[in-house]
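Comments concern the structure below.
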Amino acid sequence: MGSTIASRKRRNEQIAFWLFRILSFGVVAILFYILYFLVSNGIKAISWEFITQMPEDGMTKGGIYPAIIGTLYLVAGSMLFAFPIGVASAIYINEYTKDGIVKKVIKQMTNNLAGIPSIIFGLFGMALFVNQLKFGDSILAGSLTLGLLALPVVIRTTEEALKAVPDTFRQASLGLGASKWQTTSKVVIPIAFPNIITGLILSIGRVSGETAPILFTVAAYFLPKLPHSIFDQVMALPYHLYVITTSGTNVAESRPMAYGTALVLIVIVLIANLLANALRKYFGKKVKMN
Amino acid sequence: MKARKIKEKIIESILLVSSSITSITVLLIVVFLFSQGISLFGDSTVEKGSVMAVNKNNTIKELTGSQIKEIFDQNIVYWNEVGGKKDTIILFRIDDIGNYYSDEEIGENFEGLSECVNRLVDSIPGILAYFPEKYLSKNFKGKVLPLEKVSMKTLFKGKEWFPSAQPAAQIGAMPLILGTLWVSLGAILLALPLGLATAVYMSDIAHSRVRRVMKPLIELLAGIPSVVYGFFGLIVIVPLVQQLFHLPVGETALSGSIVLGIMALPTIITVSEDAMRNTPRAMKEASLALGATKWQTIYRVVIPYSASGITAGAILGIGRAIGETMAVLMVTGNAAVIPHTILEPVRTIPATIAAELGEAAQGGLHFKALFALGCILFIITLIINLLVESISSRNKHKSH
């Protein structure tokens, strides 16, 4: 009797495990297929001309150079805004506040901000930066909108980085008579720095692909010139992909360009992820050795 | 010494100011969203500066926005259908004036126009006249109908979203709310079983080497922009759905659900896998030591223990799906009608905002209506986020 129960149990386990294995490999297969599909189609469209030339003939020929430049400006602009503020917030939350109402409120609000859908950032950015502050559709308005979106990401990753610094380091520094800021700036931040940079890279990956926040704050369908000031509009990669697949006049002819643009976006995310992982690994080892 | 103290104070206040920016932003978002959204109520759905008038003997007291639309679409042709006498409705727009009066009567610079309108409304008992307010004569003999103000009822009970309709804009959010819920629920129904199976497999069944490959891949896919998923959906999923179900168009609620489901997978997998891996080793080992198989341990110990984490992951996935804009915009077909099956085109709230904000005049009814949609979306996602937080904080208490 006992052995039949045991073998039935084992058989059930085998069935369950195989089911789970098949489902998980199914999931991985889907995800792999998406990557494969986009990469294999995109690679045909990519050439040196594709990334260095202006679009021509109603987005059917030429390259996506202005969209790449536009995205670079937006990423740089949003990070100039979000990175210092995000890092400062995280330092304040983690190093300066005690567990109390202030910390609770700040953390709650950061969580709330992180949960707001990106299209709401678009609405808000348009209402505040474009209309109220009269920046118009501009790099400035778009960068600030994207920066606000990235702020919670920067705060969270920086907080994690600061938390990973052992308390004994802080105590040793304070015990030697250093002030709070001296401890933070000379001890805590240098140790946490690589992980903070990791957070920066990840938020760059996130920001470069966002479409909804830039729809009404900066993005342009086509511009014959590169921007001259922060009050100019720009083309941007994600918006470019959206317009040429949905509302262009030559949707079929611009298909290769769409594949190429999608691949460029994926490559940006890929590089950001790989770089972040590599940094984490490299510095993770180094800190342990000290 | 004193200088150092002052410097410390200054730095601390700079840090404090920086950390208050997220709070300020949230407050500003609420202020801007709701001030625009709420100003919608009290506005009329009929264009500003226009009048709806009837003959003075007409017993009708007012018309709702949807009645006006039905009348002008000629779906309603008798006054008794809207509560009046049994008379045929005769529509009159200002452009029709030439059918009734000669150019001389109207005048070269329309100086006689208001008198013509006045006489016309007075002479035709069944008339419903729609004309600019400036042609309303001082001694107007007809009856000007009060214009219905937009109310919560108009927004939440209205079954039609047609904000640029003339003469009465239709701003019923119901089809959009239903569309959003249909697509998101469909996405979760597809993603949850697959995601949970993958999470169980990764946390308790797979070899650590397999896990080390799978986890970064799944995290990588979480980082791919939604517009890229939308592009993939448009090229692969949409034609697939169209062929499978022999549909005239493949842009349907189902296509949206599939694309969103794929996008929700990484969230569900990572959150629930983390919850499962947090099951204390001692509990698992106790179960195994009592003679339970690995599978029994998983579904009797690991899954119940991590249930709240799994729930949090699922709700978080729904939240993401509800707020998702670009992918949905590209694959659901964007028809603002109440869906009957998942094989029909639908339109979600975020997609509506994204598609229409560009063409809505700032400060107009359409513009405000889109902000009101933003408010609805904001409230839905806020509730979802608070729900997730309360669930996961309960989980934290349990493990202590």
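What you are looking at is a predicted structure, and each value in this text was computed from that prediction instead of being measured. Throughout, protein chains are lettered first and strands after them, A, B, ... in sequence-line order, and every chain is numbered starting at 1.
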Relative to chain A, which segment of B:Ile14 carries a heavy atom at a distance below 4.5 Å: side chain, backbone, both, or neither? neither

Chain A: which of B:Arg4, B:Met330, B:Gln36 shares the most heavy-atom pairs with it under 4.5 Å? B:Arg4

Less than 4.5 Å to any heavy atom of chain A: does that hold for the side chain of B:Thr293, its backbone, both, or neither? both

In terms of heavy-atom proximity below 4.5 Å to chain A, should B:Leu194 be classed as side chain, backbone, both, or neither? both

At a heavy-atom separation under 4.5 Å, does B:Arg320 approach chain A through its side chain, its backbone, both, or neither? neither

Can you tell which part of B:Leu382 gets under 4.5 Å to a heavy atom of chain A, answering side chain, backbone, both or neither? side chain

Heavy-atom pair count under 4.5 Å with chain A, highest-scoring of B:Leu234, B:Leu220, B:Val31, B:Leu265: B:Leu220

Non-hydrogen atoms of chain A under 4.5 Å away: do they reach the side chain of B:Leu221, the backbone, both or neither? side chain

Does B:Ser23 use its side chain to pair, donor to acceptor, with the backbone of A:Ile106 at less than 3.5 Å? no

Is chain A contacted by the side chain of B:Glu8, its backbone, both, or neither, given a heavy-atom distance below 4.5 Å? side chain

Distance-minimising heavy-atom pair for A:Ala258 and B:Phe231: CB-CE1, 3.5 Å

Heavy-atom distances under 4.5 Å only: say whether B:Tyr299 touches chain A with side chain, backbone, both or neither. neither

Interchain contact, B:Leu217 with chain A, by part (heavy-atom threshold 4.5 Å): side chain

Check A:Val269 against B:Pro225 and note the closest heavy-atom contact, atom names and distance. CG2-CD, 3.8 Å

Run the side chain to side chain contact (heavy atoms under 4.5 Å, CB included) test on B:Leu33 and A:Phe124 for me, step by step, so that the C-alpha distance in whole Å, both residues' side-chain angles and the decisive distance to 0.1 Å come before the verdict. CA-CA 7 Å; B:Leu33 221 55; A:Phe124 172 66; 5.6 Å; no

Contact leader toward chain B among A:Arg10, A:Gln182, A:Arg21, A:Arg206, where contacts are heavy-atom pairs under 4.5 Å: A:Arg21

Just give me the residue among A:Val27, A:Leu215, A:Asn273, A:Leu263 that pairs up with chain B most often, heavy atom to heavy atom, under 4.5 Å. A:Val27

Is the backbone N or O of B:Gln296 less than 3.5 Å from a side-chain atom of A:Glu13, with the two atoms forming a donor-acceptor pair by type? no

Nearest non-hydrogen partners of B:Phe32 and A:Ala127, listed with the distance: CD2-CB, 3.6 Å

Under 4.5 Å heavy-atom distance to chain A, tell me which part of B:Glu324 shows up: side chain, backbone, both or neither. neither

Which region of B:Leu373, side chain (C-beta onward) or backbone (N, CA, C, O), has a non-hydrogen atom less than 4.5 Å from a non-hydrogen atom of chain A, or is it both or neither? neither

Counting heavy-atom pairs under 4.5 Å with chain B, which one of A:Thr97, A:Ile119, A:Thr211 comes out on top? A:Ile119

Part of B:Leu316 lying under 4.5 Å from any heavy atom of chain A: neither

Under 4.5 Å to a heavy atom of chain A? For B:Val236 that would be side chain

Is chain A contacted by the side chain of B:Leu357, its backbone, both, or neither, given a heavy-atom distance below 4.5 Å? both

Among B:Ile24, B:Leu27, B:Thr25, which residue meets the side-chain contact (heavy atoms from CB on, under 4.5 Å) test with A:Met109? B:Leu27

